[in-house]
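The next block holds one structure in the form of structure tokens; read it before the comments.
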Amino acid sequence: MKILQILFTISMFAWFLTEFLYKNILKSGENDRKNTDKSTLNILWIAIPFSIISSVTASYITKFPICYEEWIYYLGAGCIWTGIVLRYMIIRSLGKYFTVDVTIRDGHKIKKEGFYKYIRHPSYTFSLLTSLGLGLYLNNWLSLVLALVPTFIAFSYRIKVEEKALVEEFGEEYLEYRRKTKKLLPFVY
């Protein structure tokens, strides 16, 4: 069990560090043409820490186990790391067009290949996968709900704001892309 605690601590540190770096390095600049964030970044930075703190706290004060087997901890840690790594890959694939706040940059184009062929917001999908991993690792149904629901609500609001900006910028091209893809889960949602 000691190894699981170390794995969890490293996972949470890596998650926090990557998100902190993204927030501070990948913000839009003063020269960016169109920032329409509407405080979604601030909302995410409230929702995600709230989800983490409340889900961890719930795991200490309530006992609603998802599973009585040790594999659930490894599955949770695996989801955390998969979410971190795939989110990083998505951010890298967008290059200079990825910002942590909702912004349209000069030369911006709609990405339609890779994960974007199936879902419009893979970065959010993989962030939510990390939250799912937290809930699974904590092995508590209440923790799972607290890890996912506030974060999902915050991302849902952000998606609404982001898609409005993309429709305003790209019009029919984005509407057509939206008709062919799902928001977060391929073929589902």
Side-chain angles (χ1 to χ4, degrees), residues 1-27 37 39-92 98 100-102 115 118-162 182-189:
M1 201 60 158
K2 182 81 169 158
I3 221 157
L4 285 171
Q5 292 170 334
I6 292 169
L7 179 63
F8 179 71
T9 302
I10 291 169
S11 300
M12 294 308 294
F13 178 76
W15 185 17
F16 177 78
L17 180 63
T18 56
E19 292 302 321
F20 180 79
L21 290 172
Y22 296 152
K23 180 182 185 290
N24 290 295
I25 295 172
L26 300 174
K27 257 188 149 172
D37 190 68
S39 297
T40 65
L41 181 59
N42 294 333
I43 292 168
L44 285 169
W45 271 90
I46 292 168
I48 293 172
F50 170 79
S51 289
I52 293 168
I53 292 166
S54 64
S55 62
V56 170
T57 301
S59 75
Y60 281 103
I61 62 175
T62 65
K63 298 296 177 219
F64 300 114
I66 298 168
C67 176
Y68 291 98
E69 303 293 327
E70 194 173 272
W71 61 263
I72 193 81
Y73 303 106
Y74 293 103
L75 177 62
C79 288
I80 291 170
W81 281 101
T82 301
I84 291 169
V85 169
L86 291 177
R87 181 165 155 77
Y88 173 77
M89 289 172 55
I90 291 298
I91 290 169
R92 291 276 311 203
F98 181 89
V100 291
D101 42 358
V102 178
F115 288 110
Y118 305 100
I119 51 177
R120 298 188 301 274
H121 305 282
S123 174
Y124 307 154
T125 296
F126 297 127
S127 187
L128 288 166
L129 179 62
T130 305
S131 295
L132 172 67
L134 171 62
L136 292 173
Y137 179 87
L138 295 172
N139 192 18
N140 183 305
W141 284 107
L142 181 58
S143 295
L144 181 63
V145 169
L146 290 169
L148 277 174
V149 171
T151 305
F152 177 78
I153 291 169
F155 276 122
S156 293
Y157 172 67
R158 184 180 181 101
I159 287 169
K160 182 178 175 182
V161 169
E162 187 172 318
K182 297 295 183 183
K183 286 181 190 177
L184 295 169
L185 289 174
F187 315 109
V188 179
Y189 174 78

Go through the steps to decide whether W15 and I52 satisfy the test side-chain contact (heavy atoms from CB on, under 4.5 Å), and finish with yes or no. CA-CA 11 Å; W15 185 17; I52 293 168; 3.8 Å; yes
Any chance you could lay out the side-chain contact (heavy atoms from CB on, under 4.5 Å) test for R120 and E162, step after step, and finish with the verdict? CA-CA 11 Å; R120 298 188 301 274; E162 187 172 318; over 6 Å; no
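The shortest heavy-atom contact between L129 and G83 is CD2-N, 3.8 Å. Contact record, L132 with L144: CD1-CD1, 3.6 Å, taken as the closest heavy-atom pair. Heavy-atom minimum distance, S127 versus I48: OG-CD1, 4.5 Å. Closest heavy-atom contact between W71 and C67: CZ2-SG, 3.5 Å. Minimum interatomic distance between I72 and L136 (heavy atoms only, all atoms of both residues): CG1-O, 3.4 Å.
Applying the side chain to side chain donor-acceptor pair (under 3.5 Å) test to pairs two or more places apart or on separate chains, those with a residue in residues 146-158 are T40-R158, S51-T151, Y124-R158.
Here A47 pairs with A154 under the side chain to side chain contact (heavy atoms under 4.5 Å, CB included) rule; sequence neighbours left out. In this structure S143 satisfies the side chain to side chain contact (heavy atoms under 4.5 Å, CB included) test together with S55, A58, S59, L138, N140, sequence neighbours excluded. Listed by chain and number, the residues in a side chain to side chain contact (heavy atoms under 4.5 Å, CB included) with V149 are V145, I153 (sequence neighbours excluded). Residues forming a side chain to side chain contact (heavy atoms under 4.5 Å, CB included) with I10 (at least two apart in sequence, or on another chain): I6, W81.
Below 30°, between 30° and 60°, or above 60°: for F8 and Y137 the angle between ring planes is below 30°, a parallel geometry.
Atoms CZ and OG1, from F126 and T82 in turn, are 9.0 Å apart once rounded to the nearest 0.5 Å. Here T130 contributes atom OG1 and E19 contributes atom CD; the two are 7.5 Å apart, rounded to the nearest 0.5 Å. The distance from the CD1 atom of I84 to the OG1 atom of T18 is 5.0 Å, given to the nearest 0.5 Å. Atom-to-atom distance recorded for M12:CE and L134:CG is 5.0 Å, nearest 0.5 angstrom. Distance check: S123 OG to Y22 OH gives 8.0 Å after rounding to the nearest 0.5 Å. Here the straight-line distance linking atom CZ of F98 with atom CZ of R92 works out to 13.0 Å at 0.5 Å rounding.
In this structure, the side chains of F13 and T9 stay at 4.5 Å or more apart for every pair of heavy atoms.
Side-chain atoms of N139 never come within 3.5 Å of backbone atoms of Y73 as a donor-acceptor pair (strictly under, hydrogens ignored).
With a 6.0 Å radius and a threshold of 12 heavy atoms from other residues, nucleotides or ligands, W141 has its CH2 atom at or below the threshold.
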Which atom pairs, donor and acceptor, lie under 3.5 Å between side-chain atoms of residues 182-189 and protein residues at least two apart or in another chain?
none

